[in-house]
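These numbers come from a predicted model, not from an experiment. We name chains A, B, ... by the order of the sequence lines, and we start the count at 1 in each one.
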Amino acid sequence: MLDKAYDPKPVEAARLASWDAARLGRSEPKDGKDPYVIVIPPPNVTGALHIGHALNNTLQDAFIRHNRMLGREACWVPGTDHGGIATQNVMEKQLKAEGKAKHDLGRDAFLERMQQWTRDCKATILGQLHRLGATLDLDREAFTMDEARGKAVYHAFKTLWERGLVYRGERLVNWCVRCGTALSDIEVEREERKGALYHIHYPLEGGGEGAVVATTRPITMFGDTAVAVNPKDKRWTHLVGKKVVIPLIDRAIPVVEDAYVDFEFGTGCLKVTPAHDQNDFEIGERHKLPSIKAITPDGKLSEAAGPYAGLSREKAQDAVVPDLEAKGYLRKKEDHKSAVQTCYRCASVIEPLLSLQWFVKQTELAKAPLAALDAGEFKIYPENWAKPYRDWLVNIKDWCVSRQIWWGHRIPVWYKDGEKPVVAESSPGAGWTQDPDVLDTWFSSALWPLAVFGWPEKTKDLAYYYPTSTLVTGYEILYLWVARMQMMGHAFMGKPAFPDAVIHGIVRDKSGKKMSKSLGNVVDPLVMMDKHGTDALRFALMHQAFPGKDIAFDEQSVVGARNFVNKLWNSTRFVLMNLPEAPKAYALGKDGLEAADLWILSRCQATLAKAKAALDVYDPAAAAGALYVFLWDEFCAWYIELAKGRLTGAEGPGKDAVRAVLVQVLSASLKALHPLMPFVTEELHAAIKPYAGESTDFILRGGYGGLTGDWSAPEIEKEMAKVMGAVTAIRSLRAQLNVPPGLKIKAFIDGPFAGALLGKHKAYALLLAQLESLEAGARPPQSATAVADGAAFYIPLAGVIDLGKERERLAKDLAKAESDIEKCEAKLRNISAAPNVPAEKLAEAREQRDSAAAKRDRLKETIAVLS
RNA sequence: GCCCAGUUGGCGCAGUGGUAGCGCGUUCCCUUGACAUGGGAAAGGUCAUAGGUUCAAAUCCUAUACUGGGCACCA
């Protein structure tokens, strides 16, 4: 016998142990069987997983289980990402806490420590995924920086080089002075900040009124190599060709004309700093201006800043502005909002900096993914992300792939004095030194779907599992990762890395704010699992995971899901209580079935189909919702109650028929729910499967099965809707008249549906409405009335009811009925007037109108009798 | 600035052309033998605004407002 309440801990532990022992996640190529493949978005080894990972991985596990149950060879590849800058930052913080810096350790010792950290972190992450019930193929665990992935990275870099798609050049790149490295364009975030626009006078060389430039960053003036004005701007024509002097350092620079300058903005004079601004860089190229670096890679002013050299950007700003003001150069200072670029890893302000970096050409690589998208060979779910994805590929810029950090794949290029650099998968020999920089962590991530299957080797796995099937990730890395995997997939395999990408939302806190450590609103998935169970957490997330939408996470939703799990537990418990102890299979047959049985079978079949269809299109919320409503509201609230009448009766074919329906519906539903809440469904299914005539050891191995036979019965569904409507009407009446729920009462019935309720459905009405008796008859005196679809009920309550109150109640019902009729008639008028409405629509509208009218008439009659 | 989503009862969200639903919350009643992690009942929304299409619009179209996001930006 099951306990009264579900206790997740022991069940989860036992199930995990049995799944592990059976190696349920294991996959191998199988001839003649379709593979279904997901590669995990490898979490960075920066710490433990958060609730967003729980969402991401629950989705994947649901899809994997679903497809495995559909008979595909499901393979879910686990792994972790070395995480480049992000992980190095974590380690630097740790070192700082110990009062050290990475240079104190030196590169080798630092990397050694990183490796140790990585080992610990991987264990934590894999442990959490295991706890979540993730059916990963653990034998395939990969790491973006392990040996096999290293080979793939070097091979890819070399191949791209050989195809002319890799180059080294001095370009203006996004430089994070805190992380001390270049970043690619998409690793930079923009945010609007309040600042000031400074109008600064650059006097004419030799004295006199010169140009007044407007700038948000006065400190870049030390890198100015020109002042530019628009050729059409008459105000400044007199200065063109002359020279002006940069204040404070007295360096003369030319005034040039360039159409880029917007004379509506600021003063119409633009200071040109080619080394620190993309647009200025381009102006510089056009006018062959020199570049002067005013800011060093560590974020300090350079020698070019004269007396300010060595100051940090912030300190320099605080020194330069007052000096300009004191010496009369500052003509004006106005409030100004400007977009500031920040590092996506540390949020510090990005410095555009001219430096020598490695790049991958993108335009060529983007062509195949674009074609695949247009041809429908690659789909994004939900599809509204397809356009941004497309736009990004169309407007793509070259990818800066070198990073000036230590943690990552060393760039596979070797240098030697007097020789050309050599790109190779290993050192060309003695005397050559390898490039000290490492590759962007996303370079190895981009190769993930290939590299996990052994690429560049032509392995059996690669042939069988590539392309993968579905990629599941958040929209924040659509370009950073998804697009690049497609580019690499096409470049090296000639096929998309996956035909489907599922883009899910972010888990936010309950008020919709992003979770962050600083806000203190982060939710730890492990805490949720400990408190409410893993199935509850999974179901709560899946229930709300509408395609592409963010989730406002409230612990209450987990409590709700926990209650649902408990409901399942208890409904199974009830079914088991009504089965003989000695297991015996109950197969579905037509014999002995009543309306309620046919109804629940029809509803069950429809629900299973809906859930399956929803998972097929990556809509777990729709699947979860359909199963939730079916199991709680239809199976538990109505069917089990309806079945009780026969279950308490004598043994016989009728009783066995009910048992068969209970067992089969429950079994099929548990299996349908299994991808979403694997633990409790496995546990409960194991308990009832002997009665369902099933013997497979795990749901995953047995598959869905479903109900045998076709049970669709729309007429029965309509009929049962009337029965339930009648019961609800009586219950409502009882509640309003304060009839104690336990008290059985007599009732009389009238109307077209009375025959059915007095005949085949009588037991249902007696049972669910707590009636002592139900008889045909007109309204007796001193009684209350409940009007349902097709029937009126009269409950004699001699001396108990208040006639005034009863009239009031009925008047309210009548008003509702009148308004219903009005709506129905309006619709009917519309439809009969319209030329192109199908006959069935017309009939349906008539039926609706007639039934509403009948209800009104019955109410009117009753009110007439009462007055 | 361009583009995309969203705007539905107190809160969080479904619903896509035919009389507005769910969860949580609220109110009332109930510990009847699956479950108080439960059962029954009730209150509460003219579906952002203004137009339009249609016999019929929360649902389609157009504008507007607000919110969120993506992209690109004038220093």
- The side chain of A:L270 lies closest to which of these nucleotides: B:rC35, B:rA75, B:rG38? B:rA75

- Task: Can you tell me the distance, in whole Å, between the OH atom of A:Y344 and the C1' atom of B:rG70?
- Result: 18 Å

- Pairing partner of B:rU59 (Watson-Crick or G-U wobble, both distances under 3.5 Å): none

- Message: With a 4.0 Å limit, can you tell me whether A:H336 has a side-chain N or O closer than that to the phosphate oxygens OP1/OP2 of B:rA75?
- Response: yes

- Name the closest nucleotide to the A:K567 side chain, picking from B:rG39, B:rA72, B:rU19. B:rG39

- Task: In plain terms, say whether A:D850 and A:R846 are close enough for a salt bridge, that is, a side-chain N and a carboxylate O under 4.0 Å apart.
- Result: no

- How is A:K841 classified with respect to the nucleic acid when contacts are heavy atoms under 4.0 Å: base, sugar-phosphate, or nothing? base

- Message: Whether A:R190 contacts B:rC73 is assessed here as follows: a side-chain N or O lying under 4.0 Å from the phosphate OP1 or OP2. Is that the case?
- Response: yes

- Message: Please name the nucleotide paired to B:rG21 by Watson-Crick or G-U wobble geometry with both distances under 3.5 Å, or report none.
- Response: B:rC13

- Between A:Q544 and A:G560, the residue closer to the 5' end of RNA chain B by nearest nucleotide is A:Q544

- Pick the P atom in B:rU53 and in B:rA43, then give their distance to the nearest Å. 37 Å

- Roughly how far apart, to the nearest Å, are B:rU19 and B:rG33 at atom C1'? 42 Å

- Message: Can you check the distance between B:rU62 and B:rC71, where both ends of the measurement are the C1' atom (answer in whole Å)?
- Response: 25 Å

- Query: Where do A:Q317 and A:Y198 land on the side chain to side chain donor-acceptor pair (under 3.5 Å) test, with the steps shown first?
  - Reply: CA-CA 12 Å; A:Q317 168 100 358; A:Y198 299 90; 3.2 Å; yes

- Answer yes when A:R562 and A:E555 have at least one side-chain N-carboxylate O distance shorter than 4.0 Å, and no when they do not. no

- Message: Can you tell me if A:S557 touches the phosphate of B:rG23, counting only side-chain N or O atoms and a distance under 4.0 Å to OP1 or OP2?
- Response: no

- Residue A:W632, side-chain heavy atoms: nucleotide from B:rG38, B:rC73, B:rG70 that is nearest: B:rG38

- Using a 4.0 Å heavy-atom cut-off across all strands, classify A:Y198 as base, sugar-phosphate, or nothing. nothing

- Message: Rounded to whole Å, how long is the line connecting atom NZ of A:K513 with atom P of B:rG69?
- Response: 13 Å

- Nearest-neighbour nucleotide for the A:K4 side chain, B:rC35, B:rG70, B:rA75 considered: B:rC35

- Task: Ignoring the backbone of A:F574, work out which of B:rA41, B:rG69, B:rA34 is nearest its side chain.
- Result: B:rA34

- Task: Check whether more than 12 heavy atoms from other residues, nucleotides or ligands sit under 6.0 Å from atom CD of A:E264, and answer yes or no.
- Result: no

- Query: If you look at every strand shown and take non-hydrogen atoms under 4.0 Å, does A:H199 touch a base, only sugar-phosphate, or nothing?
  - Reply: nothing

- Whole-Å P distance, B:rA20 and B:rG45: 14 Å

- Message: Can you tell whether the side chains of A:D185 and A:K397 come within less than 4.0 Å, N to carboxylate O?
- Response: no

- Message: With a 3.5 Å limit on both atom pairs, tell me what B:rU37 is paired to, counting Watson-Crick and G-U wobble, or say none.
- Response: none

- Winner on side-chain proximity to A:R573, out of B:rG70, B:rA34, B:rU37, is B:rA34

- Query: Given that both distances must come in under 3.5 Å, which nucleotide forms a Watson-Crick or G-U wobble pair with B:rC71?
  - Reply: B:rG1

- Item | Nearest-angstrom distance, C1' atom, B:rU64 to B:rC73 | 25 Å

- When we call it a touch if two heavy atoms are under 4.0 Å apart, what does A:T728 touch: a base, just sugar-phosphate, or nothing? sugar-phosphate

- Side chain of A:D820 only, please: which of B:rU19, B:rC29, B:rC35 is the nearest? B:rU19

- Message: What contact category does A:I640 fall into here, base, sugar-phosphate, or nothing, at under 4.0 angstrom with non-hydrogen atoms?
- Response: base

- Message: Judged by each residue's nearest nucleotide on RNA chain B, which is more toward the 5′ side, A:N570 or A:D619?
- Response: A:D619

- Item | Among B:rU37, B:rA34, B:rA75, the nucleotide that comes nearest once only the side chain of A:F265 is considered | B:rA75

- Query: Rounded to the nearest Å, what distance is computed from the NZ atom of residue A:K510 to the P atom of nucleotide B:rG10?
  - Reply: 18 Å

- Query: Side chains of A:K549 and A:Q544: donor-acceptor distance under 3.5 Å anywhere?
  - Reply: no

- Which whole-number value in Å describes the distance from A:L743 CG to B:rC29 P? 17 Å

- B:rC66 pairs with which nucleotide, Watson-Crick or G-U wobble, both distances below 3.5 Å? B:rG6

- Item | Nearest-angstrom distance, C1' atom, B:rG17 to B:rU59 | 6 Å

- A:E641 near the nucleic acid: base, sugar-phosphate alone, or nothing, with a heavy-atom cut-off under 4.0 Å? base

- Message: Is it true that A:T342 and A:E189 share a donor-acceptor pair across their side chains at a distance under 3.5 Å?
- Response: no

- Item | Out of B:rU19, B:rU37, B:rA41, whichever nucleotide has its closest atom nearest the side chain of A:A5 | B:rU37

- What does A:F564 touch in the nucleic acid at a heavy-atom separation under 4.0 angstrom: a base, only the sugar-phosphate, or nothing? nothing

- Calculate the interatomic distance between A:Q278 atom CD and B:rA75 atom P; express it in whole Å. 14 Å

- Query: Looking across every strand, which nucleic acid part, if any, lies under 4.0 Å from A:K812 by heavy atom: base, sugar-phosphate, or nothing?
  - Reply: sugar-phosphate

- Quick one: label A:V213 by what it contacts on the DNA or RNA (base, sugar-phosphate, nothing), any heavy atom closer than 4.0 Å. nothing

- Message: Just by distance, no angles: are the side chains of A:Y260 and A:N230 close enough, under 3.5 Å, to form a donor-acceptor pair?
- Response: no

- Query: How would you label the contact of A:R562 with the nucleic acid (heavy atoms, under 4.0 Å): base, sugar-phosphate, or nothing?
  - Reply: base

- Atom CD of A:E191 and atom C1' of B:rC71: how far apart are they, to the nearest Å? 17 Å

- Rounded P spacing from B:rG44 to B:rU27 in Å: 16 Å

- Task: State whether a side-chain donor-acceptor pair under 3.5 Å links A:S732 with A:Q736.
- Result: yes

- Distance in angstrom units between A:Y6 OH and B:rG38 P, rounded: 16 Å

- Give the rounded distance in Å between these two atoms: CD of A:Q736 and P of B:rC29. 15 Å

- Item | Same-atom distance (P) from B:rG68 to B:rC61, integer angstrom | 24 Å

- Query: Within less than 4.0 Å of OP1 or OP2 of B:rA56, is there a side-chain N or O belonging to A:K827?
  - Reply: no

- Task: Output the single nucleotide from B:rC55, B:rA20, B:rC4 whose closest atom is nearest the side chain of A:I831.
- Result: B:rC55

- Task: Would you tell me whether A:H543 and A:S557 have side-chain atoms, one donor and one acceptor, within less than 3.5 Å of each other?
- Result: no

- Message: Quick check on B:rG38: is either OP1 or OP2 less than 4.0 Å from any side-chain nitrogen or oxygen of A:N563?
- Response: yes

- If you look at every strand shown and take non-hydrogen atoms under 4.0 Å, does A:S571 touch a base, only sugar-phosphate, or nothing? base

- Could you check whether A:D262 gets within reach of a base, just the sugar-phosphate, or nothing at all, counting any heavy atom under 4.0 Å? base

- Do any side-chain nitrogens or oxygens of A:K644 fall under 4.0 Å of OP1 or OP2 in B:rA34? yes

- Message: Applying a 4.0 Å non-hydrogen cut-off, can you work out what A:A552 is touching in the nucleic acid: base, sugar-phosphate, or nothing?
- Response: sugar-phosphate

